[in-house]
Amino acid sequence: MNVQGHPTRTIWPTTDGTAVEIIDQTRLPHEFVTVRLATLDEAAHAIRAMLVRGAPLIGATAAWGLWLALRSDATDAALARAHATLLATRPTAVNLRWALDRMRARLTPLPAGQRATAARHLAAEICDEDVAINRALGAAGLPLFQAIAARKPAGAPVNILTHCNAGWLCSVDYGTATAPIYAAHDAGIAVHVWVDETRPRNQGASLTAWELLNHGVPHTVIVDNAGGHLMQHGRVDLVIVGTDRTTAHGDVCNKIGTYLKALAAHDNGVPFYVAAPSPSIDWTLGDGLREIPIEERSGREVSHVQGRLPDGTVATVDILPAGSVAANPAFDVTPARLVTGLITERGVCAANAAELRKLFPER
Ligand code: MRU
């Protein structure tokens, strides 16, 4: 997507071939800063500290991280160590395991001397594949927008509500939940996005708003609690969110607060769609509520908020009374019964095991 008019991905190998470069998402929206990752530890840190985040981008960064590790030591032991180090960075998004297992399966049979080069090629392939998948998600979701637009007065925008950042910045390019939004916007359909700010880390306010602004998509940032009210008053035509892990039965784990949006949508008859690329489907799990590991992050993300001061400097302030304790579960599970449909790269399906398997018979 565009950053100040320039097509940009979220991760790319440097031209000298010695590292990968990422956008430091902890600095957005106030500063656009790129960071070089040259070692396994730097890649693991980037994922853990959320310089990169979002399920597909976590997987892509881990793939490059494995390449960085194998350049200095490509033995079986080093491969196992790097795989374990990267897998331990964040627990919820299954794309991390998906990318690492795919890399390991391809690299293990090779002689050690060929592994680093093969890892570089496969990491690039995973990134290109992510872009292709997200384009296909956009095409698959576009008819939903066309149908809603056709029912509305000419020129009236399709109002979408989204949560967290399941946009270009969560992936290598295009995003997942935003892919159909960009596709509709680029096809000339009037769209307007309600952007949940998404406390505690504000990925909606800081990241989704920033990327929609860069692509010229009309949007309005709202507090997380406003969505239900807007739905009650007919101001949301559909909800589209991303997913960090979708079970084989269609339960969806996504950023904390997604479940409440699904409940409000259900109560108000608003369609609730999940953009679910296949690498975020965990075919080994059935019951999302009991089986998906939910990341518990530091209470500091709840107690402290980052923003820009009038003099332009970026600062972090404490908003809690001294002595109060904060808890920070980072994801929740929306049961399949609340999901209108899953938008996959192979088409839209109902959120259940039978329909998912029709689209992915090889699983
Ligand atoms: O904690 P984050 O910022 O990594 O969480 C990201 C999300 O919850 C996204 O909505 C999710 O990764 C889906 S995007 C494919």
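Start at 1 with the first residue, then count along the sequence. Numbering of ligands and ligand atoms starts at 1, following listing order.
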Quiz item: Taking C-beta and beyond as the side chain, do Glu21 and Val35 meet within less than 4.5 Å on heavy atoms?
Solution: no
Open item on the list: Measuring only between side-chain heavy atoms, which start at C-beta, is Thr176 closer than 4.5 Å to Asn134?
Closed with: yes
Taken to the nearest 0.5 Å, the spacing of Leu320 CG from Asp318 CG works out to 6.0 Å
Nearest heavy-atom approach of Arg90 to Arg297 is NE-NH1, 3.8 Å
Looking only at heavy atoms, the pair that brings Val172 and Ala60 closest together is CG2-CB, 3.9 Å
Enumerate, one pair per line, all nitrogen or oxygen atoms of ligand 1 lying under 3.5 Å from a protein nitrogen or oxygen, stating the separation to 0.1 Å; write 'none' if no such pair exists.
| residue | atom | partner | partner atom | Å |
| --- | --- | --- | --- | --- |
| ligand 1 | 1 (O) | Arg90 | NH2 | 2.8 |
| ligand 1 | 1 (O) | Lys255 | NZ | 2.7 |
| ligand 1 | 3 (O) | Arg53 | NE | 2.9 |
| ligand 1 | 3 (O) | Arg53 | NH2 | 3.2 |
| ligand 1 | 3 (O) | Gln203 | NE2 | 2.9 |
| ligand 1 | 4 (O) | Gly54 | N | 2.9 |
| ligand 1 | 4 (O) | Arg90 | NH1 | 2.8 |
| ligand 1 | 8 (O) | Asp244 | OD1 | 3.0 |
| ligand 1 | 8 (O) | Asn254 | OD1 | 3.3 |
| ligand 1 | 8 (O) | Lys255 | N | 3.4 |
| ligand 1 | 10 (O) | Asn254 | OD1 | 2.7 |
| ligand 1 | 12 (O) | Ala55 | N | 2.9 |
| ligand 1 | 12 (O) | Asp244 | OD1 | 3.1 |
| ligand 1 | 12 (O) | Asp244 | OD2 | 3.2 |

Residues passing the side chain to side chain donor-acceptor pair (under 3.5 Å) test with Arg300, sequence neighbours excluded, are His304
